[in-house]
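Before any comments, here is the structure.
Note that the structure is a prediction, hence the values are computed from the model and not measured. Computation of the quantities below employed the complete heavy-atom set of this structure, encompassing side-chain atoms and omitting hydrogens, waters and symmetry-equivalent molecules.
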Amino acid sequence: MTLPIWMYFVVAGIFASAFMTIKSAKEEKQLEDEWIEKEGAVYISRMEEEKERRRQFT
């Protein structure tokens, strides 16, 4: 039993769509992780500045 040619295109489209979804999710997670690290560094530097400021006043 042979399948029509358009069925092969549909299956190929499904695989291409799945691949692109996985690829974009991976890139988005990487960008999100970089943003979290950056914000964490800002938070830590603010905490250190506050700690130093409190040391100067005591």
Can you list every side-chain hydrogen bond (donor to acceptor under 3.5 Å, both in side chains) pair that touches residues 32-44, not counting sequence neighbours?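 For residues 32-44: K29-D33.
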
May I ask you to list the residues sharing a hydrophobic cluster with L31, side-chain cutoff 4.5 Å, ordered by chain and number?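 Noted: L31 shares its cluster with no other residue.
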
Provide the full list of salt bridge (Lys or Arg N to Asp or Glu O under 4.0 Å) pairs with a residue in residues 41-51, sequence neighbours left out, each pair given once.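 Salt bridge (Lys or Arg N to Asp or Glu O under 4.0 Å) check on residues 41-51 returns E50-R53, E50-R54.
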
Please name all residues satisfying side chain to side chain donor-acceptor pair (under 3.5 Å) with E52, sequence neighbours left out, ordered by chain then number.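 Counting only residues at least two positions away or on another chain, E52 forms a side chain to side chain donor-acceptor pair (under 3.5 Å) with R55.
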
Would you tabulate the side-chain donor-acceptor contacts of residues 8-24 under 3.5 Å, counting partners in other chains and residues two or more places apart, or write 'none'?
residue: T21; atom: OG1; partner: S17; partner atom: O; Å: 2.8
residue: S24; atom: OG; partner: M20; partner atom: O; Å: 3.1
residue: S24; atom: OG; partner: T21; partner atom: O; Å: 3.1

